[in-house]
Amino acid sequence: MQLKQNVQCPVCLSNALELRFLSSEYIIKALERYYEEEIPDLQILDYHQYKCSNCTLEFFNPMVPGSERFYEFISHQPGYYPRGRWEWHETLKRGIKTGDEKLLEIGCGNGDFLRTAKKYGLSSAFGIDTSASSIKVCEARGLHAYCGNIETYLEEHPAMQFYYDLVASYHCLEHVPDPLLFIQQAKALLKASGKIFLSTPYSPMSFETNWYDPLNHPPHHLTRWNKRAYEELAAKTQMDIAFHSLGAPSVWSRTVTAFNIGQSGKFGSVSNKRTAMNILRYPSSLWKELKNQQGREKIAGKPAPDMILIELTIGGNK
């Protein structure tokens, strides 16, 4: 790894280490292997991958998200938008006390989480999204939502500063070019007693040891988060932080999953028969993967999950 004096971390502004170069050709081939089809011209750029020498956040240069063509292609793939997330329920269980709380979701999409919040008895739930088509779906479902980003929302609705009890955002932070500004703007919407809940992948995910995940790299994801990076983000925004998850699968389950992906070169289920054949054929690779999984980073003494929910609270108001 090489220290780059002129490349700074987007969170703590420390110098960064260059990890590797990702050419557009490499990214396109990885996407084609993942989706098992030839993909159209998605206007994909070359990227350099960096790791902060201080907070260990991984990020990419340029910090430019995918084009409209890229997101049009990827968002129409089966399963891209989940019907539900465990993080939604965890947020609502932790955030709702009376049912009178005012909630804002940044990146609300078609409004599935907003509808879930209503089912929990929350009387006030509002969404923001940059997709006009998603906002139209929200409105057709009787949900309240705004088309734009946080900056334009605050400019057009200054009375919404310090208004919300809860601000939620799921799998958005890793897409934005300026994650620090994103959290600062979200904080500006909170009451003094408010909370921010946000979720992202926890990188590297347990199955990435021998496999390049094109969806956890640019142009889809611009940042890759871990415990130290999140703690630095909380410190920079003067907020307290708590980590929530469903927990990681067993070390053996993680080992077999990552081992099979490494052998097949793609994400997906593998039969027990094929797994047994792979183990007999490549026992040293299985052992190496087991050691990798045993050394996985820990949070509160337990192996880090692949998905994490972060709870940010204004300092002193837990």
Problem - Identified side chain to side chain contact (heavy atoms under 4.5 Å, CB included) counterpart of Thr223 within the set Leu57, Thr200, Leu233 - result: Leu57
Donor-acceptor check, side chain of [X] to backbone of [Y], threshold 3.5 angstrom: yes or no?
X	Y	answer
Thr237	Gln184	no
Asp129	Gly109	yes
Ser134	Thr130	no
Glu297	Asn226	no
Tyr170	Arg85	no
Ser169	Cys172	no
Arg69	Ile44	no
Arg254	Ala248	no
Glu101	Thr98	yes

Exercise for the section: Please determine if Lys195 and Asp240 form a salt bridge, counting it only when a charged side-chain N lies under 4.0 Å from a carboxylate O. Expected result: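 No, Lys195 and Asp240 are not salt-bridged.
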Problem - Short N-O contact, Lys102 and Asp165, less than 4.0 angstrom - result: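 Salt bridge between Lys102 and Asp165, a charged N being under 4.0 Å from a carboxylate O: no.
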If you measure only the distance, is there a donor-acceptor pair under 3.5 Å linking the side chains of [X] and [Y]?
X	Y	value
Asp306	Ser206	yes
Glu87	His171	yes
Asn149	Thr152	yes
Thr275	Asn260	yes
Tyr146	Glu156	yes
Gln8	Asn15	no
Glu58	Gln49	yes

Could you tell me the separation between the [atom1] atom of [X] and the [atom2] atom of [Y], rounded to the nearest 0.5 Å?
X	Y	atom1	atom2	value
Ile128	Ile135	CD1	CD1	8.5 Å
Leu198	Glu174	CG	CD	9.0 Å
Tyr230	Ile183	OH	CD1	8.0 Å

Practice task
Please list, chain by chain and in numerical order, all residues satisfying side-chain hydrogen bond (donor to acceptor under 3.5 Å, both in side chains) with Glu36, sequence neighbours excluded.
Solution key: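 Lys266.
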Handout entry: Those residues that, when tested against Gln43, pass side-chain hydrogen bond (donor to acceptor under 3.5 Å, both in side chains) (two or more places apart)
Key = none
Identify each donor-acceptor pair in which a side-chain atom of residues 117-126 lies under 3.5 Å from a protein atom, sequence neighbours left out, and give them as a table.
unit_1, atom_1, unit_2, atom_2, d
Lys118, NZ, Ser123, O, 3.3
Tyr120, OH, His89, ND1, 2.9
Ser123, OG, Gly99, O, 3.3

Classify the ring geometry between [X] and [Y] as parallel (under 30°), tilted (30 to 60°) or perpendicular (over 60°).
X	Y	value
Tyr212	Tyr26	perpendicular
Tyr71	His175	tilted
Tyr50	Phe59	parallel

Practice task
Check whether any side-chain heavy atom of Ile310 lies under 4.5 Å from a side-chain heavy atom of Ser199, and answer yes or no.
Solution key: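 Of all side-chain heavy-atom pairs linking Ser199 with Ile310, none is under 4.5 Å.
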Exercise for the section: Report yes if some heavy atom in the side chain of Leu114 is under 4.5 Å from a heavy atom in the side chain of Arg141; otherwise report no. Expected result: no
Tell me, yes or no, whether the heavy-atom count around [X] atom [atom1], taken from other residues, nucleotides or ligands under 6.0 Å, exceeds 12.
X	atom1	value
Gln238	CD	no
Arg274	CZ	no
Glu231	CD	yes
Glu37	CD	yes
Lys29	NZ	no

Handout entry: Side-chain hydrophobic cluster, 4.5 Å single linkage: members besides Val251
Key =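 Reading the cluster by chain and number, Val251 sits alongside Trp287, Leu290.
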Problem - Whichever hydrophobic residues join Trp252 through chains of side-chain contacts under 4.5 Å - result: Val256, Phe259, Ile279, Tyr282, Leu286
Problem - Residue list, side chain to side chain contact (heavy atoms under 4.5 Å, CB included) with Asn216, at least two apart or on another chain - result: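 Here the qualifying residues are Pro201, Ser203, Met205, Glu208, Asp213, His221, Arg224.
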Practice task
Assert yes or no for the condition that the ring centre distance of Tyr35 to Phe73 is strictly below 6.0 Å.
Solution key: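 That pair passes the under 6.0 Å test.
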Handout entry: Hydrophobic cluster identity match, Phe60 and Leu181, side-chain contacts under 4.5 Å
Key =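 No, Phe60 does not connect to Leu181 through the hydrophobic network.
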Practice task
Please answer: with hydrophobic residues joined when any side-chain heavy atoms are less than 4.5 Å apart, are Leu173 and Met239 in the same cluster?
Solution key: yes
